[in-house]
Amino acid sequence: SFEVELARSGCVVTVPPGCSILDAVRDVAPDVMTSCEEGFCGTCETKVLEGVPDHHDTILSAKERERGQTMMICVGRSKSPRLVLDL
Ligand code: FES
């Protein structure tokens with residue numbers, strides 16, 4: 001598991017295996033917009049402020065993946081113990 005910090009509220013949530021970031025943050029960030037929830041529409045794209053995202057979407061280019069400044073939180077996970085997201 002890993003932690004996600006929501007920069008706007010300062011809330012920190014734990015994302016256990018088998019639970020998406022989206023599901024983990026829904027209670028504390030109810031306005032997050034989503035649609036496909038499978039990593040192909042781009043609706044849930046979220047800025048990454050700190051940490052290293054583990055991308056599982058089919059939208060970002062190789063360059064964007066490498067830069068790690070944005071991610072689809074419906075399917076993406078984290079390679080670092082904590083991600084700080086612009087939520
Ligand atoms: Fe479609 Fe996340 S909701 S990419």
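All of these numbers come straight from a predicted model, not from anything done at the bench.
Within the 3.5 Å criterion, the main-chain N or O of Gly39 finds a donor-acceptor partner in the side chain of Thr58.
Of the inter-residue distances, the one linking Gln69 atom CD with Leu60 atom CG reads 11.0 Å to the nearest 0.5 angstrom. Rounding to the nearest 0.5 angstrom, the gap separating the NZ atom in Lys47 from the CG atom in Leu87 is 11.0 Å. Distance check, rounded to the nearest 0.5 Å: CD of Glu38 to NE2 of His56 gives 14.5 Å.
Residues Phe40 and Ile59 come closest through the heavy atom pair C-CD1, 3.5 Å. What you find for Ala24 and Val15 is that their closest heavy atoms are CB-CG2, 3.8 Å. Shown here for Arg8 and Asp86, the closest heavy-atom pair between the two residues is NH2-O, 3.0 Å. Scanning both residues, Thr43 and Cys41, for their nearest heavy atoms gives OG1-SG, 3.0 Å.
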Using distance only, find each side-chain donor-acceptor pair of residues 72-81 under 3.5 Å and give its atom names and separation, not counting sequence neighbours.
residue : atom : partner : partner atom : Å
Arg77   : NH1  : Cys19   : O            : 2.8
Arg77   : NH2  : Pro16   : O            : 3.1
Arg77   : NH2  : Cys19   : O            : 3.4
Ser78   : OG   : Ser80   : N            : 3.1
Ser78   : OG   : Ser80   : O            : 2.7
Ser78   : OG   : Ser80   : OG           : 3.3
Ser80   : OG   : Val52   : N            : 2.8
Ser80   : OG   : Arg82   : O            : 3.1

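For the pair Ile21 and Leu85, the minimum side-chain heavy-atom distance is below 4.5 Å.
Tested against Glu5, the residues Val84, Leu49, Val13 include a single side chain to side chain contact (heavy atoms under 4.5 Å, CB included) partner, Val84. Tested against Thr70 for a side-chain hydrogen bond (donor to acceptor under 3.5 Å, both in side chains), the candidates Glu64, Glu45, His55, Arg65 yield a single pass: Glu45.
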